[in-house]
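A note on names: the letters A, B, ... follow the listed sequences, proteins ahead of strands, and every chain is numbered from 1.
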There are 2 protein chains.
Amino acid sequence: MINLDIFNLSSREIALLIFLAQNRAAEKEIEITTTQLANFFNISQQTASRCLLKLDEMKVVTWKSSPKGSLVKLKPAGIHILDQLRFELEKALHPDLTSITLKGTVFAGRGEGKYYVSQPAYMKSFRSQLGYEPFHGTLNIRISAHYIDYLDLIRGSWPIIIKGFESEERPFDDVLCYPLKVVGLDAKVAGIFPRRSHYGANVLELISKVNIREELNLENDDEVVIEFPLKQKEGSD
Amino acid sequence: MINLDIFNLSSREIALLIFLAQNRAAEKEIEITTTQLANFFNISQQTASRCLLKLDEMKVVTWKSSPKGSLVKLKPAGIHILDQLRFELEKALHPDLTSITLKGTVFAGRGEGKYYVSQPAYMKSFRSQLGYEPFHGTLNIRISAHYIDYLDLIRGSWPIIIKGFESEERPFDDVLCYPLKVVGLDAKVAGIFPRRSHYGANVLELISKVNIREELNLENDDEVVIEFPLKQKEGSD
DNA sequence: ATTACTATTTTGCGAGTAG
DNA sequence: TCTACTCGCAAAATAGTAA
């Protein structure tokens, strides 16, 4: 059984998400009325209302309704559904594609990645989920403009999820790991997106059992080539 | 009201199309059982059976069922639904994008385009639908490898449809016109895909009121830059 | 093993209408 | 105008089972 948010939505709800995103509801609240939606999709006003309600309940949009109309904005979870869909579609339309290649350059981060990755509670989960305990630090890659779109594609794939936890000071979110390969390096690598980053973001952090920077003798501004494998299960369950 | 095949399908049926395409059912018949599908999508075997039946009835797949299992293959109409979805998704995820740019080179066709375009029955329709009667000939463009993917994206947009007709000798299909712009040329241009061409195809034929080849002084192998505008209606009906 | 029929339950739609 | 409730009906899902 596959595990995608898409299956929890009807095709109308997916179409509504697409419509909202096309009208920039990913960036800002947009005004809309259920009657407009009803006309656009050729459904009843009631159904349009119910669709919005459901998207709101599923926490993929924020929705403020009033007797004057509605204000809607996509939440990250809503954008993520579109990303997932795009990822699956890309694989469907290019079944021969075996990997996605990205290029970027090394830069010095502010050590935040290191701080998070080093949390002992994460470490245990890394070992069981990734099969290794990563080096206590991340390699920051600024993905080149031309490849940013591919970064969003990767975001649409199903990650390995390192469960978050609560510490005394603050909560630590889930860490989403995308297994990938760094050209020239044998060790397994995983990419993680910096917290709260989203569209237009061009930074990817790499973790690995080894210190990638040392292993590949990388200086800041050196180019790194990354490959994201598209291993798809062939028709099994 | 918008007009997309997607709305005639449930999200499960869309997911099923994606699944089939991912498993290469766009190229060849694949073996599958309704039980496998049921497990994969976490639905009942009966529902999986009915999904396939519906896709078959909608003529988006060919389906041969037997007590030993099923053989399924996507028809062009099925692939086209995925294209439409991809086109809408691209617009949703890149709402700032105003056009798609393609590059290709001129080559000499075998005059087939000219033969079709010159049919008087098409001409009348061209005038009413495109606003002009095209020059009696097409300019053949071989799209460069890097841009072929964009060609499929254009295919997913809703074309201007020039209705086909029956002549004494043979039937003439609908002509699907995609309005676009040739850089350096003021006249309106429309792109049409050669008959029966599909994936991997890299040829686009251009029609215009003027003789593009003469107007731009083009020789074979000259490069042409094409822009496909992504004008999307903003939230109206 | 399959596919796919029938019966039953559940879900979902639109009309009418209240707030 | 809006949103969004209830209600009656229609469509679609599952379970059981036949072929």
B:K54 NZ - C:dT3 C1' separation (whole Å)
20 Å
Within the structure shown, what part of the strands sits under 4.0 Å from B:T33 by heavy-atom distance: base, sugar-phosphate, or nothing?
sugar-phosphate
Only one of B:L176, B:I192, B:V175 clears side chain to side chain contact (heavy atoms under 4.5 Å, CB included) with B:P159; which?
B:L176
Using whole Å, report how far CG of B:L71 lies from C1' of C:dT2.
13 Å
Would you indicate what A:L53 reaches in the nucleic acid, counting non-hydrogen atoms under 4.0 angstrom: base, sugar-phosphate, or nothing?
nothing
What nucleotide, of D:dA12, C:dT3, D:dA4, holds the atom closest to the side chain of A:S49?
D:dA4
Atom-to-atom span, NZ of B:K68 to P of C:dT3 - whole angstrom
12 Å
Distance-only donor-acceptor check, side chains A:S128 and A:S125, under 3.5 Å:
no
Whole-Å gap separating C1' (C:dT3) and CD (B:E31):
15 Å
Without decimals, in angstroms, what is the distance between B:Q45 CD and C:dA4 P?
9 Å
Measuring to OP1 and OP2 of D:dA4, would you say a side-chain N or O of A:S65 lies under 4.0 angstrom away?
yes
Pairwise 5' ranking along DNA chain C for A:P67 and A:Q46, keeping only the more 5' one
A:Q46
Once you round it to whole Å, what is the distance between C1' of C:dC13 and CZ of B:F7?
17 Å
Sidechain N-carboxylate O distance under 4.0 Å for B:E133, B:K209:
no
d(CZ, B:R12; C1', D:dA13) in whole Å
8 Å
Between B:R50 and D:dA13, does any side-chain N or O lie under 4.0 Å from OP1 or OP2?
yes
Between A:S66 and B:T47, the residue closer to the 5' end of DNA chain D by nearest nucleotide is A:S66
Using 4.0 Å as the upper bound for N to carboxylate O, is an ion pair formed by A:E90 and B:R86?
yes
Figure out the CH2/C1' separation between B:W63 and C:dA4, and round it to whole Å.
8 Å
Under-4.0 Å side-chain N/O to phosphate OP1/OP2 contact, A:S70 with D:dC2:
no
Rounded to the nearest 0.5 Å, how far does CD of B:E88 lie from CG of B:L4?
5.0 Å
